[in-house]
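A short write-up of the structure that comes next.
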Amino acid sequence: MLSATGSTPGKLPFVVWVLAAGTFLMGTTEFVIAGLLPEMAADLNVSVSHAGLLITAFAVGMIVGGPTMAMATLRLPQRHTLIGALAVFALGHAVAALSASFTVVLTARVVTALATGAFWAVGFVIAATTAGPASATRAVGVMMGGLTLANVVGVPIGSFVGHYTGWRGPFWALAVLAALAAAFVGRFIPRTAERAEVSVRAEIRALKQGRLWLALGAAVLIMGGVLAVYTYITPLLTDRAGIPAGAVPLVLVAFGIGALGGTAIGGRLGDRCPMVTTITAAAATSLILLALIPASNSPVAAVVLVFGMALAGFTVNPVVTSLAVRFAGDAPTLTSALTTSGYNTGIAAGSLVAGRTLDSSLGLTGPALVGAVFAALTLLPLIALAMRGTAGPSRIVAHHITDADEPRQTADATMTTAR
């Protein structure tokens with residue numbers, strides 16, 4: 001028996017897994033640079049700190065692209081938006097792989113980031129809607145899981161391949177896979193006539209919630225702390241800890257496993273005790289990063305602390321994301337985009353400040369100090385949020401999707417939470 005969304009009850013539609021695959025590719029491209037930074041810097045004739053701008057630029061593109069594309073595509077055919085985003089993503093990687101100019105590669109990174117923002121903003125709504133009311137949250141979790149899995153599988157594989165083929169190899173692979181993903185989206189997402197359940201005005205009006213901005217502030221700071229270190233993790237591991245370059249992908253696997261574990265812990269504990277979970281995790285992240293400064297001379301200690309940094313830091317993410325969506329009420333599309341923008345604002349700020357410290361007297365330990373400060377500052381919005389309380393009703397309202405080739409059907413994805 002099929003549900004109104006065209007899937008067997010209890011089983012997610014195949015399109016959700018296609019969207020998760022797209023998120024996996026986009027998560028891989030955002031973070032794989034960290035494992036290829038020295039090679040890219042040498043090939044493009046720039047310093048390692050300057051090459052770090054490739055991560056910063058992608059984050060800035062996501063900051064702008066997320067909310068902008070969420071609003072621009074609110075009433076547009078979502079299928080076309082997803083296909084277009086993946087096509088631009090593929091083209092951007094092909095252009096970067098063909099170029100020997102740092103400026104061109106940097107520009108391509110910004111363009112692909114805009115496409116990623118569009119994919120994420122629209123994909124969230126489609127995942128929730130096609131899964132139906134009973135499985136909306138699970139579907140969104142699966143789509144977000146593609147991003148975390150990118151850290152466990154995509155980034156290490158991309159880094160490993162890059163060491164043997166050069167950095168252009170992973171870029172070509174991402175271009176081809178994105179083109180295939182676009183074909184899958186065109187095949188499995190039906191042609192639909194869509195209309196927004198909420199207006200642009202309603203989406204913007206819901207942003208007046210003060211608690212929403214505290215949650216977004218925490219998202220900015222915690223991700224800035226973790227990514228300040230992760231952006232420049234390769235030179236720290238090779239030049240300071242003495243780990244061979246060929247073993248760096250294995251350390252990235254440890255980071256990815258930590259991130260996956262942290263996301264799972266946050267998701268499990270966040271519903272019962274959100275503020276205790278986030279405050280404890282943020283404090284632990286700051287202490288771990290401080291410990292990394294003197295301990296990074298030891299290969300074993302460096303690997304353990306990198307794992308701990310990911311485990312503690314990523315515990316905060318699902319909780320503050322869930323709180324932000326809850327506080328937004330009837331404006332989930334713009335809020336989910338703003339949450340993504342918040343994380344990428346942190347990535348841009350953390351990697352930018354950390355890059356500056358590489359050329360200072362702090363040297364390779366500078367990013368760890370920057371990360372520790374960012375993580376410590378995360379406690380400020382979290383404590384303020386704890387004092388104000390997190391209780392309150394929320395409702396996630398997805399778009400209506402009406403199949404153009406079948407009798408008109410309405411698929412609502414509404415999740416009501418009252419805590």
**OP:** Give, for atom OH of Y343 and atom CG of L338, the distance between the pair rounded to the nearest 0.5 Å.
**Re:** 12.5 Å

Original post:
What class does the angle between the rings of F171 and W167 fall in, given that below 30° is parallel, 30 to 60° is tilted and above 60° is perpendicular?
Top reply: perpendicular

Subject >> Minimum side-chain heavy-atom gap I279-L379 below 4.5 Å >> reply: yes

Original post:
Which atoms form the tightest heavy-atom contact between A108 and A96, and what is the distance?
Top reply: CB-CB, 4.0 Å

Original post:
Given side chains that start at C-beta, do those of P367 and L358 come closer than 4.5 Å, heavy atoms only?
Top reply: yes

Subject >> Nearest-0.5 Å distance that lies between atom CZ in F184 and atom CG in L86 >> reply: 12.0 Å

Original post:
What pairs of residues pass the salt bridge (charged side-chain N to carboxylate O under 4.0 Å, His left out) test when at least one of them lies in residues 150-177, not counting sequence neighbours?
Top reply: D43-R168

Original post:
How about T315 and T263: do any of their side-chain heavy atoms sit closer than 4.5 Å?
Top reply: no

Original post:
Looking only at heavy atoms, what is the nearest atom pair of L237 and A241, with distance?
Top reply: O-CB, 3.4 Å

Original post:
Do I347 and Y230 come within less than 4.5 Å of each other through their side chains, counting heavy atoms only?
Top reply: no

**OP:** To the nearest 0.5 angstrom, please state how far the CG atom of L54 sits from the CG atom of L106.
**Re:** 6.0 Å

**OP:** Kindly say whether S298 contributes a backbone atom to a donor-acceptor pair with the side chain of R240 at under 3.5 angstrom?
**Re:** no

**OP:** Could you tell me which non-hydrogen atom of V60 sits nearest to which non-hydrogen atom of A348, and how far apart they are?
**Re:** CG2-CB, 4.0 Å

Subject >> Test side chain to side chain contact (heavy atoms under 4.5 Å, CB included) applied to L260 - qualifying residues, sequence neighbours left out >> reply: T148, V152

Subject >> Straight-line distance of L364 CG to N297 CG, nearest 0.5 Å >> reply: 10.0 Å

Subject >> Sub-4.5 Å side-chain heavy-atom contact between M387 and L382 >> reply: no

**OP:** Would you confirm whether R79, through its side chain, and G186, through its main-chain N or O, come within 3.5 Å as a donor-acceptor pair?
**Re:** yes

Original post:
Is there side-chain contact between P249 and H163, with at least one heavy-atom pair below 4.5 Å?
Top reply: yes

Original post:
Which heavy atom of V64 sits nearest a heavy atom of P67, and at what distance?
Top reply: O-CD, 3.9 Å

**OP:** Determine the sole option in T345, T116, L114 for which the side-chain contact (heavy atoms from CB on, under 4.5 Å) test with M62 is passed.
**Re:** T116

**OP:** Start with the C-alpha gap between S101 and S99, add the side-chain angles, then the distance that decides, and say whether side chain to side chain donor-acceptor pair (under 3.5 Å) holds.
**Re:** CA-CA 5 Å; S101 166; S99 177; 4.7 Å; no

Original post:
Of all residues at least two apart in sequence or in a different chain, which pass the side chain to side chain contact (heavy atoms under 4.5 Å, CB included) check with F24?
Top reply: T28, L149, A150, V153

Original post:
Should H93 and W172 be marked as a side-chain contact (heavy atoms from CB on, under 4.5 Å) after you check the CA-CA gap, both sets of side-chain angles, and the distance that decides it?
Top reply: CA-CA 7 Å; H93 282 79; W172 278 118; over 6 Å; no

Subject >> Flag if over 12 foreign heavy atoms under 6.0 Å of CZ, F102 >> reply: yes

Original post:
Do you know the tightest heavy-atom contact between A376 and S286?
Top reply: CB-OG, 3.6 Å

**OP:** Could you label the plane-to-plane angle of the F255 and F314 rings as parallel, tilted or perpendicular, counting under 30° as parallel and over 60° as perpendicular?
**Re:** perpendicular

**OP:** Drop me the distance from L250's CG to I243's CD1, to the nearest 0.5 angstrom.
**Re:** 9.5 Å

Original post:
Just how far is it from atom CG of L227 to atom CD1 of I233, taken to the nearest 0.5 Å?
Top reply: 10.5 Å

Original post:
Do L311 and I288 have side-chain heavy atoms sitting under 4.5 Å apart?
Top reply: no

Original post:
Donor-acceptor pair, S159 side chain versus V155 backbone, under 3.5 Å?
Top reply: no

Subject >> L323 versus M275, closest heavy-atom pair with distance >> reply: CD1-SD, 4.2 Å

Original post:
After noting the C-alpha distance and the side-chain angles of T29 and R109, does the key distance pass the side-chain contact (heavy atoms from CB on, under 4.5 Å) rule?
Top reply: CA-CA 9 Å; T29 198; R109 290 283 289 174; 3.4 Å; yes

Original post:
Got a donor-acceptor contact below 3.5 angstrom from the T357 side chain to the A354 backbone?
Top reply: yes

**OP:** Mind running side-chain contact (heavy atoms from CB on, under 4.5 Å) on L36 and V32 for me, showing each step along the way?
**Re:** CA-CA 7 Å; L36 303 173; V32 75; 4.2 Å; yes

**OP:** Apply side-chain contact (heavy atoms from CB on, under 4.5 Å) to the pair V226 and F374, showing each step before the final yes or no.
**Re:** CA-CA 8 Å; V226 174; F374 269 68; over 6 Å; no

Original post:
Quick one: are L289 and V229 in side-chain contact, heavy atoms under 4.5 Å?
Top reply: yes

